[in-house]
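Comments concern the structure below.
Below, chain A is the first sequence line, B the second, and so on; all start at residue 1.
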Amino acid sequence: MAKKKVTVATASLQSCFGCHISFLDLHEEVLGVFDLIEILHSPIMDVKEVPQVTVGLIEGAVANENNLRVIEEFRKKAKIILAMGSCANLGGVPGMRNFFYQEDVLKRAYVETESTVKGKIPTSNQIPKLLDEVKPVHKVIKVDYYIPGCPPLPEMIKDAIIALVQGKEPEWPTYNLCKECKRYHTLMYIPQREFLTETVFSPMELEQIDTEKCFLEQGVLCMGPATRAGCHTRCINGNIPCRGCFGPTPDALEQGSKMINALSSILPAGTLMHLEDVVGVGYRYSLPVSIYPKVSPPKGGKK
Amino acid sequence: MNIGLFISRANGAISQVIDLNDLAKEYRNLSVVKIYDNFFKASRDLIYQTRLNQLEGVVLAGDSKMFYQTNRSGSYLIRLFENAGINLNKIGFVNLKEQVAFPHRKERKSAYKKAKALINVALEKVKLSPLIEVLSVAPRRQIAILGTTVSGLLAAQRLLEKGYKVFLIDRGEKIRDLKEAKEKVLPTLSYIDGHKKVEYRLGVKVTDVSGYAGDYTIVLEKEGKQEELLVGGIILALDTDEDASWFEELHQFMHLQMSDDGFFSPLDAETLPVQTIDEGICLVFQGGSQSLRELALRADSAALSLGNLLDHNEIIHEVTISRVDEKVCGGCGVCVKTCMFKASSIDLVEKHSHIDPRRCIGCGNCVAACPTGARDLLSFPSEFIFKAIDILSQYESPNGIKVLTLVCDGCGYEALDYAGKMGLEYSPSILPLEVHCAGRIDTQFILYAFVRGFDGVMICECVEGRCRNLVGNIDLDRRANLFRDVLRSRQINPERLRILGLTPCEGVTCVNVVAEFINELKKLGGESSG
Ligand code: SF4
Ligand code: SF4
Ligand code: SF4
Ligand code: SF4
Ligand code: SF4
């Protein structure tokens, strides 16, 4: 006697499709999940109408008018909306567009890129209009649950779906990544006010990065302290510092300023100012959910 | 929560400018709102109202907060409120006199609105601050005197007479040369020398002081060997001519207010010349042209003051430290590196941080630094500061410009008071928010102020070397330097953030910079762009 499967529709807004790939990865890892759910609609299926479903799984940020239309329809058709990945719940990489005015973005993309000859900004109404501000899904419609990560680990998607099927809420850690990190420290836990290192390095500059020692102690900017745990140090295991894709911990309002506050007492602030793109690193995934989520309106108030 | 709002006319100084009756009417929803001529002559009624209405919090709108710290009638009133069951963290202060009525006496409408905004902030503070716990300490009847100067020896004699054990500590190997006072002080010296309850520690280096009134630990070092002294009180009997370097050393672990000349300063030079913000530490400095008589009087005051304190069976401390939410803390260690006072450590098994209440002085630097938001400061919780910024942003400024002014209460708050007392006027666009220390300023506050529509943010920090929390100003500067890029990234002109180093008496500088800053903001244009 087959139990009735939970119906799912998925959507991809402004995104790289990576979350869907992570979702599909489940197939090999945990076949069981697909016994529980049935996908009725997704970008890889040729179904125009969004049917009534229990779970609406949304990937990507809300960046254009078409995205708006899609999520509004999803909200109507799905009982539970699950925002999947950093784009959907923080604004993610596409959210970095909020650092710029829209006309500058269009000009850069269609006119100024080095490979463009005689480019012009398209005016066709076939192309959905960009919104002024890239937003995470929850700033536009009510989101019931979310899965952090760029992309989330396949097993997190699994855990979230199983939790929902069982009528529970998926739960994520509230502490920062350092708690999950196994790297050792020599200086960080010693109450001395001296900076950890004399200068800072980008990971490419170092001939060798100690695979066991905390990145910060090697003068490499790691976003772990200002980033919510849950990924089991996925990048760090590959000897790449954390870039903060899981977003801020729930008790911090944002990552960018918080990381600056912290860095000022651990790495040489002057050198950081010149050598690192502290803003880019701090807001890479979470600008649209930060305190000041986009550029200020230009003088005179016109956009 | 039952909150009472008490408003003072300050004998007319406030009521001349602000219509207090109208103002009081706006708070009719509170348990009690009452206007007085002068709080300090009405303490009986204030306490009566507190008990009658079963208040859990009070807001005192009138005099400067400083008055309650540095003046005996002020601190007495606070004591009375505490005895009436009000937790120290549930007493809010609104400085209507020096920071509203005096500087805005010609702009009555704005003064009224500003008064209202500041009262709303204080009400929120009372609502959002957690109760502060109290700690009871059985005081040790032992006192350490640093400096075998004339005044130190005189104080030692008096304390020995009162039955205290005294440690006489100095950097030199011998008791100092008493010079012209020698002959007169000789009897004192021989009294001390023959006393059972005195011990000398000469030729030592003081390497650490921790604890609180009634229970300090002083660590001494001599020839590589360490010794811990446990004492109830400390007298600093330093010579301001000879001991400048010793001051500097001691400043590393004795966190007292500094005066303009680089020494520790008493609560009030005239009326409380030996007392400090730390009840258990007294100052009997010598130097300059003091007469022996003056030194003796100081020694008397110090002995009396510490004697009174340590004669009690218990001393109550309010624990105004920071705290950690262990569910949020991931043990990154940032707070350990930030804390100047070695109060923060990591529990390696649980991987979260821990605060040593004997060392933590509640400066809030780690709270600003903590990247997860796991830390909070009991006396100025973050939630309150964000809420306060919200409230102040709703104020309607007469010239359309609004400046959030975050003032450290060790310099900026006093400088604004000073400006007020001097009769200086400045623009009511300035909305002060007290933050305890510049090191407590999380750059998130600044960003939040801009998103809430402030045109500029001004921060008053202590000038170099004068931060009583030692590094609050340095850390703020570092944070601000990196943070300016964040402002640029949102197309907010970084000139809209102004950091001003001040000493408490630089009221004039403060007012001038305010005027200049507002002019600049006008040029940059409305909205936080440009
Ligand atoms: S969250 Fe990351 S993986 Fe998922 S769509 Fe966005 S950029 Fe791609
Ligand atoms: S800073 Fe990075 S490398 Fe260091 S402990 Fe934290 S997550 Fe690990
Ligand atoms: S280490 Fe950091 S950037 Fe990498 S997956 Fe984890 S949270 Fe994301
Ligand atoms: S800085 Fe914050 S998160 Fe890091 S160890 Fe300290 S309290 Fe914990
Ligand atoms: S509040 Fe100040 S003294 Fe206390 S732990 Fe934090 S930094 Fe250290």
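B/N365 touches chain A through its side chain: at least one heavy atom from C-beta onward sits under 4.5 Å away, while N, CA, C and O do not. Heavy atoms of A/P248 lying under 4.5 Å from chain B are absent altogether. Within the 4.5 angstrom heavy-atom criterion, only side-chain atoms of B/D325, from C-beta onward, approach chain A. With a threshold of 4.5 angstrom between heavy atoms, B/L447 approaches chain A through its backbone and through its side chain. For B/S489, the parts lying near chain A are the backbone and the side chain together; criterion is any non-hydrogen pair under 4.5 Å. At a 4.5 Å heavy-atom cutoff, A/F100 makes no contact with chain B through either its backbone or its side chain. Heavy-atom distances place the side chain of B/L348, and not its backbone, under 4.5 Å from chain A. For A/L287, the part lying under 4.5 angstrom from a heavy atom of chain B is the side chain only. Looking at B/C370, only its backbone comes within 4.5 Å of chain A, counting heavy atoms on both sides. Contacts between A/S290 and chain B at a heavy-atom distance below 4.5 Å involve the side chain alone, from C-beta outward. For a residue to count as touching a neighbouring chain, one of its non-hydrogen atoms must lie under 4.5 Å from one of that chain's; by this rule B/F341 does not touch chain A.
In terms of heavy-atom pairs under 4.5 Å with chain B, the best-connected choice from A/E254, A/Q255, A/H185 is A/E254. Between chain A and the options B/A374, B/G331, B/S382, heavy-atom pairs under 4.5 Å are most frequent for B/G331. Heavy-atom pairs under 4.5 Å with chain A peak, among B/R488, B/K351, B/Q444, at B/Q444. Most heavy-atom pairs under 4.5 Å with chain B, from the set A/P250, A/A269, A/C214, A/G224: that is A/A269. Of all the listed residues (A/L216, A/L263, A/D277, A/I190), the one sharing the greatest number of non-hydrogen pairs under 4.5 Å with chain B is A/I190. The choice from A/M188, A/R228, A/M259, A/R193 that makes the most heavy-atom pairs within less than 4.5 Å of chain B is A/R193. Comparing B/V328, B/D475, B/D485 by heavy-atom pairs within less than 4.5 Å of chain A, the highest count is held by B/V328.
Ring orientation note: the planes of B/F380 and B/H436 are close to parallel, at an angle under 30° on the 30°/60° scale.
The environment of NZ in B/K327 is sparse: at most 12 heavy-atom neighbours from other residues, nucleotides or ligands sit within 6.0 Å. For B/K387, the NZ atom is loosely surrounded, since the number of other residues' heavy atoms within 6.0 Å does not exceed 12. Surrounding CD of B/E221 are more than 12 heavy atoms belonging to other residues, nucleotides or ligands, all under 6.0 Å away. The environment of CD in B/E383 is sparse: at most 12 heavy-atom neighbours from other residues, nucleotides or ligands sit within 6.0 Å.
A side-chain hydrogen bond (donor to acceptor under 3.5 Å, both in side chains) with B/S344 is found for exactly one of B/R375, B/K337, B/H354, namely B/R375.
Taking CZ of A/R97 as the start and CG of A/D104 as the end, the distance is 12.0 Å to the nearest 0.5 Å. Here the straight-line distance linking atom CG of B/N481 with atom OG of A/S264 works out to 8.5 Å at 0.5 Å rounding.
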task: Walk me through it: do B/R484 and B/T443 pass the test side-chain hydrogen bond (donor to acceptor under 3.5 Å, both in side chains)?
output: CA-CA 10 Å; B/R484 288 200 176 85; B/T443 53; over 6 Å; no

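Between A/F246 and A/R234 there is a side-chain heavy-atom pair separated by less than 4.5 Å.
Taking the centre and axis of the six-membered ring of A/Y101, the NZ or CZ atom of A/K107 falls outside the cone set by 45° and 6.0 Å.
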